[in-house]
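Working notes, structure below.
No experiment lies behind these values; they were computed from the predicted model shown. One is the number of the first residue; the rest follow in order along the sequence.
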Amino acid sequence: MKWVLVTICIAALAALLGQRLLKLSEIALANREVPVKRLPNCHLLKNIEYGAEDFTILRDGLAIISTGLKYPGMPSFSDDPGKIYTLDLLDPRLIPVELTIKGDLDRDSFNPHGISVYIDETDKTIHLFVVNHPQHYTSQVEIFLFVEEDNTIVHLKTIKHDLLHSVNDIVAVGVESFYATNDHTYPSAVLHMLAVFLGLPWADVVYYSPGGVKAVGDGFLSANGINMSPDKRYLYVSAILDHEIAVFEIKKNKDLVHVKVKLFHYIKYERKLLYGHNIIFCIVSRDGPTAVIQSAITFLMMSVSNQSVAVGSLCDNIEVDHVTGDIWLGCHPNGAKVAVYDPEDLPGSEVIRIQDIHYEKPVVTQVYADDGSVLIGSSVAAPYEGKLLIGTVYHKALVCDLK
C-alpha cells in the first residue's frame, strides 16, 4: 500500500510538472512564428550597437534613448557602461548624439533600463528619470536635469526603496514622483522563476513620492512597460507574460483602480436560477423569484470586468501618442528566442498599435514584424511625424517611414 501511495504521488507530481512546463511554453510563445511585415525606407541608426531598450519622444521630435542594458537572463554583447542618447527625428541625418553625464553618479556601473521625462510647467525644465541596475538584481531610479543646449544630463538624485526591488519601467508624474513596475515578484531570480512556474501573479506597480511609497497595482506575473494617457487620467501597464495591456484609472490619492468595461448581453433562461456577482440589475416579477424562474424571460444584464487588451505577443515598453492617444508597443513575438539568442534562429521583432483603448472594442493592429534578419528583440516603438522609431533590448535601433 505504501508503494502505491508513493507511485500515485510521483505520478501526480510528474503530471503537475508537465502541465506547468507546457504552461511556461505557452507563456513564452515558444512555438510562435510571425510572417515578416516590413515598412518602407527603413534604416538602422548609427552609434546604436548594443540595444536601445527604451526611449521617450518629446513633443518637438527629440527622442531620448536608453542604451547598453545588461539584464540577467538576457544576452549582452558589450561590457561598456550604458549611455543616454538623443535623436532629432526632424533632422534628416538621423544621427544619435551621446549625452554627457555630469554630477555625482558612478558612470562605470551605469546600466540604464526604462526611462521617462517630466516637464515642470513652472519653468519648462525637463527632468529625466532612468531605471538603473548598477549590479545584477538591484534597482534604483536616477533623476537627471536635461540641459538640451549643452547635450548634457546633470545627476540630481538617486532613489532606492525596498518596494522598488526589480524595477523595469517608470512613468514620471512630478519632479520627484513616479509610478514604476516590478517585473520580478522577488529580487531573487530563483524565487521569481518559482513564482512564474507556479503561476503566482505577485508582481506589482509602485507609486513613489517624497511623501511616501506604496504598492498600488498588483496581479501580474510580470509587470513590464508603463505609461500614462495624454490627459493623465489613466495608466497603462504591460502584463507581458499574460500578453495583455492592463488599463487603470489614477485616483486622487494616487492609487490605481482597474477600469471597468461594460458589456451588455441579452440573456434568455428558462427554469434556471441565474446568479453571480456580475449581475447589476435584472427584471424581477412581483410574484416573487419562483415566478421568474418558471417563466422564460429575456432581460438585460450588464456584466462588468477589468479592462485589459489582449495583444497576442510579449509586449515590452509602452509609448503613447500625445495627439491621438494611440498605444504603441515594442514586442517579442517569441520569448524563448529572445532569451536564448541562437544565431541560427534569431529572435524576431514586432510592433503593435492599439487604437480606441477606452472603447468596448479596441483596435489592435500589427504595424511591423521581422524575423530577426533586420531587427532583433524589439522592446519599444513610437511614431513621430510619419516616422516610426523602434528600439531593442540588446541589438540596434531602426527608423522607418509609416507611409
Side-chain angles (χ1 to χ4, degrees), residues 21-40 42 44 48 51-55 69 71 73-77 113-114 168-169 181 183 196 220-227 236-246 308-319 326-355 357 362-383 388-400 402:
L21 289 175
L22 180 61
K23 185 62 178 178
L24 287 179
S25 178
E26 292 175 358
I27 287 173
L29 300 176
N31 298 314
R32 184 171 183 245
E33 301 288 343
V34 294
V36 169
K37 183 177 183 179
R38 299 268 167 76
L39 289 170
C42 292
L44 298 169
I48 306 293
E53 201 280 336
D54 197 14
F55 58 71
L69 173 66
Y71 192 75
M74 287 288 183
S76 176
F77 300 101
H113 199 166
N168 184 295
D169 199 13
T181 55
D183 57 12
V196 172
F220 299 95
L221 284 174
S222 179
N224 202 291
I226 188 170
N227 218 317
Y236 311 120
V237 179
S238 174
I240 186 170
L241 300 182
D242 294 307
H243 318 142
E244 295 178 343
I245 304 300
S308 60
V309 180
V311 290
S313 190
L314 293 153
C315 291
D316 203 318
N317 291 307
I318 301 172
E319 293 301 309
D326 292 350
I327 311 297
W328 289 80
L329 308 164
C331 308
H332 308 293
N334 184 315
K337 287 186 179 183
V338 77
V340 172
Y341 185 77
D342 178 359
E344 301 299 322
D345 189 16
L346 290 170
S349 294
E350 188 173 21
V351 175
I352 291 175
R353 175 189 189 184
I354 304 176
Q355 298 168 280
I357 193 167
V363 179
V364 179
T365 306
Q366 183 195 69
V367 177
Y368 174 88
D370 183 65
D371 58 7
S373 59
V374 175
L375 197 67
I376 296 171
S378 57
S379 57
V380 62
L388 181 67
L389 177 61
I390 310 172
T392 66
V393 179
Y394 49 75
H395 189 222
K396 300 177 183 290
L398 189 73
V399 176
C400 302
L402 276 172

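Counting only heavy atoms from C-beta outward, the side chains of Leu398 and Asp370 never approach each other to under 4.5 Å.
Between the side chain of Ser308 and the main chain of Ile245, no donor-acceptor pair closer than 3.5 Å is present. Side-chain N or O atoms of His243 include none that pairs as donor or acceptor with a backbone N or O of Ala310 at under 3.5 Å. Asp242 places no side-chain N or O within donor-acceptor distance of the main-chain N or O of Phe220, the cut-off being under 3.5 Å. A distance-only check finds a donor-acceptor pair linking the side chain of Ser349 to the backbone of Leu375 [under 3.5 Å]. Side chain of Thr181 to main chain of Asp169: a donor-acceptor pair is present (N/O by atom type, distance under 3.5 Å, no hydrogens or angles). For Asp371 (side chain) and Val36 (main-chain N/O), no donor-acceptor pair under 3.5 Å exists by modelled atom type. With hydrogens and angles disregarded, no donor-acceptor distance shorter than 3.5 Å links the side chain of Ser379 to the backbone of Gly330. Side chain of Tyr368 to main chain of Leu402: no donor-acceptor pair is present (N/O by atom type, distance under 3.5 Å, no hydrogens or angles). A donor-acceptor contact shorter than 3.5 Å is absent between the side chain of Ser238 and the backbone of Asn224. Side chain of His332 to main chain of Gly348: no donor-acceptor pair is present (N/O by atom type, distance under 3.5 Å, no hydrogens or angles).
Remark: Lys337 does not engage Asp342 in a salt bridge, criterion side-chain N to carboxylate O under 4.0 Å.
For Asp183, the side-chain hydrogen bond (donor to acceptor under 3.5 Å, both in side chains) criterion is met by Tyr71, Asn168, not counting sequence neighbours.
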